[in-house]
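Here the structure is laid out as structure tokens; the discussion comes afterwards.
Letters go in sequence order (proteins before strands), and every chain restarts at 1.
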Amino acid sequence: MIDLELIKELKLGNEVAFKKMVDILQPELLRFAFMLCKNKELSLDLCQDCFVTVHQKVNTLKDEKNFKSWVFKVLKNKYLDYSKSPKNATTEDIVDWENTVFEQSSEDKLYALQKLEKILSQFDTDEKELILLVNLQGLSFREIAESWNMSENSIKTRYYRLIKKIEK
Amino acid sequence: MEEKELNKLFNEIRSLQIKSDPYMSTRVLAQTKSLTSVNKWNYLWKFIAGVSFTCCIALFSYIQLQKNSTYFVAEVETPQLVKVDIADLNLPSDLEVEIVLPEGVSFHSNTYAELDRLQSLRLEIDSNAIKHIPFVVKSEIKGLKKFQIKFYDKSNKLIHSKELSIKFSEKQGVKS
């Protein structure tokens with residue numbers, strides 16, 4: 001778990017603390033990145049870029065409590081930067097489900113992944129991010145609201161609107 | 001899809017093990033170190049470029065200043081003949097020229113001693129007949145002095161003006 005002590009050490013440039021933070025957050029970030037871009041290699045690249053930015057800018061983080069949501073925000077921005085670049089524009093959107101960031105998984109679990117991917121495909125990146133942060137990463141509305149500079153109520157309203165859309 | 005079903009779906013996905021990259025932190029640290037060294041070089045090059053640019057600007061300004069501050073040298077309390085060249089000015093034939101002296105400088109003439117009381121002198125000249133305007137000045141004080149030479153046409157309209165600088169310094173052999 002990422003505690004405040006670890007973040008303080010990160011701000012001091014402690015490499016051991018940095019490695020520990022990477023070990024803790026990497027699986028969650030990889031899963032999040034994969035759900036956004038659906039490509040294993042790109043997920044790894046995005047995670048690496050994200051950690052580089054975290055290493056360089058951790059000192060600009062004012063509230064250490066929002067560290068995790070801040071890291072996810074950095075990752076999402078990396079993905080947006082990547083997808084906005086004209087050289088990365090693709091017309092095809094085929095997912096290679098045999099080559100994911102997940103360990104060998106059963107047919108059922110792959111089916112679950114595909115099902116979630118189908119659900120998420122109707123949303124834009126911000127909306128996907130909100131759903132994934134709440135349901136997959138377990139971040140609270142308060143954490144997301146602080147990271148996004150929005151009120152907790154507007155985040156809740158936005159989230160429940162998306163859930164209603166899924167239920168339909 | 002109901003909320004329960006959605007939660008079940010997310011639980012299933014959360015339970016999937018991730019293939020983490022064991023060398024991720026090593027690669028990230030190596031990348032940040034190389035970025036830091038690249039940034040250091042960038043800052044150094046920017047600094048060198050900035051200093052060079054500033055030096056060029058300073059040198060250019062200095063040269064311009066030197067160009068603008070061309071002056072003649074004379075001694076104080078010594079009559080000095082000044083010749084203002086008008087051949088290349090393309091002035092009309094009949095005109096008036098006004099010589100305005102700076103403070104501390106006076107005209108000098110053995111024939112017309114009263115000229116030394118004037119601070120400016122206006123003369124009618126024929127620019128076809130003369131190539132330069134001669135006059136003799138004397139300064140009582142040291143320093144760079146600027147003379148104004150103004151040319152007027154028949155209707156008393158200023159048609160040209162010239163500035164002349166003379167630096168008056170201590171007489172040789174006299175200590176200040």
Inset, instruction - Following the transitive rule for hydrophobic clusters with a side-chain heavy-atom cut-off under 4.5 Å over Ile, Leu, Val, Met, Phe, Trp and Tyr, establish whether B/Leu121 and B/Ile166 coincide in one cluster. - result: yes

Inset, instruction - Look at B/Val28, B/Asn11, B/Thr26 and state which one has the largest set of heavy-atom pairs under 4.5 Å with chain A. - result: B/Val28

Legend entry - Other residues, nucleotides, ligands: >12 heavy atoms within 6.0 Å of B/Glu163 CD: yes

Inset, instruction - May I ask whether A/Ile155 and A/Ile166 are part of the same hydrophobic cluster, defined by side-chain heavy atoms of I, L, V, M, F, W, Y residues being less than 4.5 angstrom apart, directly or through others? - result: yes

Legend entry - Flag if over 12 foreign heavy atoms under 6.0 Å of CD, B/Glu114: yes

Legend entry - Separation of B/Met24 CE from A/Leu29 CG (nearest 0.5 Å): 8.5 Å

Inset, instruction - Any chance you could measure B/Leu9, atom CG, to A/Asn135, atom CG, to the nearest 0.5 Å? - result: 9.5 Å

Inset, instruction - Spell out, yes or no, whether B/Trp41 and B/Val51 are grouped together once hydrophobic residues are joined by side-chain heavy atoms under 4.5 Å, including indirect joins. - result: no

Legend entry - Trace of the side chain to side chain contact (heavy atoms under 4.5 Å, CB included) decision for B/Phe10 with A/Ile131: CA-CA 10 Å; B/Phe10 276 113; A/Ile131 295 169; 3.6 Å; yes

Legend entry - Single-linkage hydrophobic cluster B/Val82~B/Tyr71, side-chain heavy atoms < 4.5 angstrom: no

Inset, instruction - Enter the distance from A/Leu116:CG to B/Ile13:CD1 here, rounded to the nearest 0.5 Å. - result: 4.0 Å

Legend entry - A/Lys165 atom NZ, neighbour heavy-atom count above 12 within 6.0 Å: yes

Inset, instruction - Examine whether an atom of B/Asn7 lies under 4.5 Å from a heavy atom of chain A, and if so say whether it belongs to the side chain, the backbone or both; otherwise answer neither. - result: side chain

Legend entry - Ion pair B/Lys33/A/Glu15, N-O distance below 4.0 Å: yes

Legend entry - Region of A/Gln56 that comes under 4.5 Å of a non-hydrogen atom in chain B: side chain

Legend entry - B/Ser20 OG to A/Leu44 CG distance, which is reported to the nearest 0.5 Å: 9.0 Å

Inset, instruction - Report, as yes or no, whether the 6.0 Å neighbourhood of atom NZ on A/Lys20 holds more than 12 heavy atoms from other residues, nucleotides or ligands. - result: no

Inset, instruction - Would you give the length of the straight line joining atom CD of B/Glu5 to atom CD1 of A/Ile119, rounded to the nearest 0.5 angstrom? - result: 8.5 Å

Inset, instruction - Specify which of A/Lys19, A/His55, A/Gln48 makes the most heavy-atom pairs with chain B at under 4.5 Å. - result: A/Gln48

Legend entry - side chain to side chain contact (heavy atoms under 4.5 Å, CB included) between B/Leu29 and A/Val22, worked out: CA-CA 11 Å; B/Leu29 285 172; A/Val22 171; over 6 Å; no

Inset, instruction - Using a strict 4.0 Å threshold on nitrogen-to-oxygen distance, state whether A/Glu28 and B/Arg14 make a salt bridge. - result: no

Inset, instruction - Answer yes or no: does atom NZ of A/Lys11 have more than 12 heavy-atom neighbours from other residues, nucleotides or ligands under 6.0 Å? - result: yes

Legend entry - Check: B/Ile18 main-chain N/O paired with A/Arg31 side-chain donor or acceptor under 3.5 Å: no

Legend entry - Joint hydrophobic cluster, B/Leu158 plus B/Val84, side-chain heavy atoms closer than 4.5 Å: no

Inset, instruction - Could you tell me the separation between the NZ atom of A/Lys115 and the CD atom of B/Glu12, rounded to the nearest 0.5 Å? - result: 8.5 Å

